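Only a predicted model underlies this, so the values are computations on that prediction, with no experimental measurement involved.
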Amino acid sequence: CVDANGTIGFDLELKPGVTAGLEVEGYGGNGMPEEATLPPAMQVSFAYTAIVRSGEEGDEGPPEYLSVRRCRVYTTTMSSTESSEDVLSGLDCEALAFTLFHKFYAAGVSRGLEEGRALAKDWLVGALVKAYRSAEKEEADLLESSPSLGHGRSHGPDLKNRLLDRPGSSRSPSDILLCQAHEHLSALPFLVYGLSCTDALRPSEGGHQPSTDARVSGWSHACRLSTAGFVKYVAPGFEFWKDRDDDGPEAVNL
């Protein structure tokens, strides 16, 4: 049973050979044959039970409520790519953090809190390794297209700061391995750490010994936040204000 603000998460597994799309042939209005490529599509059917009010607002007597079974169908298309860089370049860390929170909490509920935190660690390590391998492949592709450039000159500042032992890199090894030079992944390690410190997933240590009800309450509260509000809840930051001569105060985020 869910309410209007409930959030449901699920894992989607894409198997090789089913994501290339479909080519179809047909005839247009002028009788000439036409070809079109249909992108991969995903359709999700979700059956759920909701509590609804019976009658109208102005009806006499106390309100009555009914449980109603509903089905919602969502269909969307997705473009496919063989390049990890294409996927990483469109990554939204804020939306991903919200999804990961549900994934880690579900693992903690079904297999134990330690398993939920272990999954968070394994997922982060896997994502960082994948991003590093993707940078290596990107460099190899650039070198193959322009072999005379050589390492350190075959790519811009983004790639040389994402790979170890590259000339001209301005990043430390730990920053490179934590993807701190990647525009869309730099916040990911901090967000995953913040997820493990939320009320729902924080380990029981010392004076912090929350009950199961407290953890469920923390999860329920987080689920009802917007994506931007959830990120502030997980990783709060400071905001200072400074005066400008012409247009008034200006916010400076840290």
Can you tell me how far CG of L113 sits from OG of S196, rounded to the nearest 0.5 angstrom?
10.0 Å

So which atom in Q180 and which in S186 form the shortest heavy-atom distance, rounded to 0.1 Å?
NE2-O, 3.0 Å

Going hydrophobic residue to hydrophobic residue with side-chain gaps under 4.5 angstrom, can you get from V192 over to L201?
yes

Heavy-atom pair of closest approach, residues T75 and Q43
OG1-NE2, 2.8 Å

Are F190 and F98 linked, directly or through other ILVMFWY residues, by side chains that come within less than 4.5 angstrom of each other?
no

Using side-chain contact (heavy atoms from CB on, under 4.5 Å) as the criterion, list what pairs up with D92, not counting sequence neighbours.
E94, A95

Indicate the atoms forming the closest heavy-atom contact of I176 with Y132, along with that distance.
CG2-CE1, 4.1 Å

Same cluster (ILVMFWY, side-chain, under 4.5 Å), L185 and L195:
yes

Single-linkage hydrophobic cluster, 4.5 Å side-chain cutoff, V234 and L100 together:
yes

salt_bridge(R162, E138) N-O dist < 4.0 Å
no

Distance, nearest 0.5 Å, that separates CG of L177 from CG of L128
8.5 Å

Any heavy-atom pair between the side chains of F46 and R70 that's under 4.5 Å?
no

Indicate yes or no: at least one non-hydrogen side-chain atom of E115 is less than 4.5 angstrom from one of L119.
no

Is V216 close to Y105 at the side-chain level, that is, under 4.5 Å between some pair of heavy atoms?
yes

Where G218 and D199 come nearest, the two heavy atoms and their spacing:
CA-CB, 4.2 Å

Taking the six-membered ring for Trp, are F230 and Y233 parallel (under 30°), tilted (30 to 60°) or perpendicular (over 60°)?
tilted

Smallest heavy-atom separation, A97 atom then L191 atom, equals CB-CD1, 4.1 Å

Using 0.5 Å steps for rounding, measure from the OG1 atom of T198 to the CZ atom of F101.
4.5 Å

Which heavy-atom pair separates N161 from S169 by the least distance, and what is that distance?
OD1-OG, 3.1 Å

Does R224 use its side chain to pair, donor to acceptor, with the backbone of A222 at less than 3.5 Å?
no

Contacts of S211 that satisfy side chain to side chain donor-acceptor pair (under 3.5 Å) - sequence neighbours left out:
none

How far does CG of D141 sit from NZ of K137, to the nearest 0.5 angstrom?
4.0 Å

Measure from the side-chain N and O atoms of R215 to the backbone N and O of R202, and report whether any donor-acceptor pair falls under 3.5 Å.
yes

Could you tell me the separation between the OG atom of S67 and the CD1 atom of I51, rounded to the nearest 0.5 Å?
5.5 Å

May I ask you to test the C179-P189 pair for a side-chain heavy-atom distance under 4.5 Å?
no

Quick one: do L91 and W123 end up in the same hydrophobic cluster if we chain Ile, Leu, Val, Met, Phe, Trp and Tyr together by side-chain heavy atoms under 4.5 Å apart?
yes

Evaluate whether atom CD of E136 has more than 12 neighbouring non-hydrogen atoms of other residues, nucleotides or ligands under 6.0 angstrom away.
yes

Rounded to the nearest 0.5 Å, what's the gap from OG on S134 to CG on D86? Could you check?
9.0 Å

Evaluate whether atom CD of Q209 has more than 12 neighbouring non-hydrogen atoms of other residues, nucleotides or ligands under 6.0 angstrom away.
yes

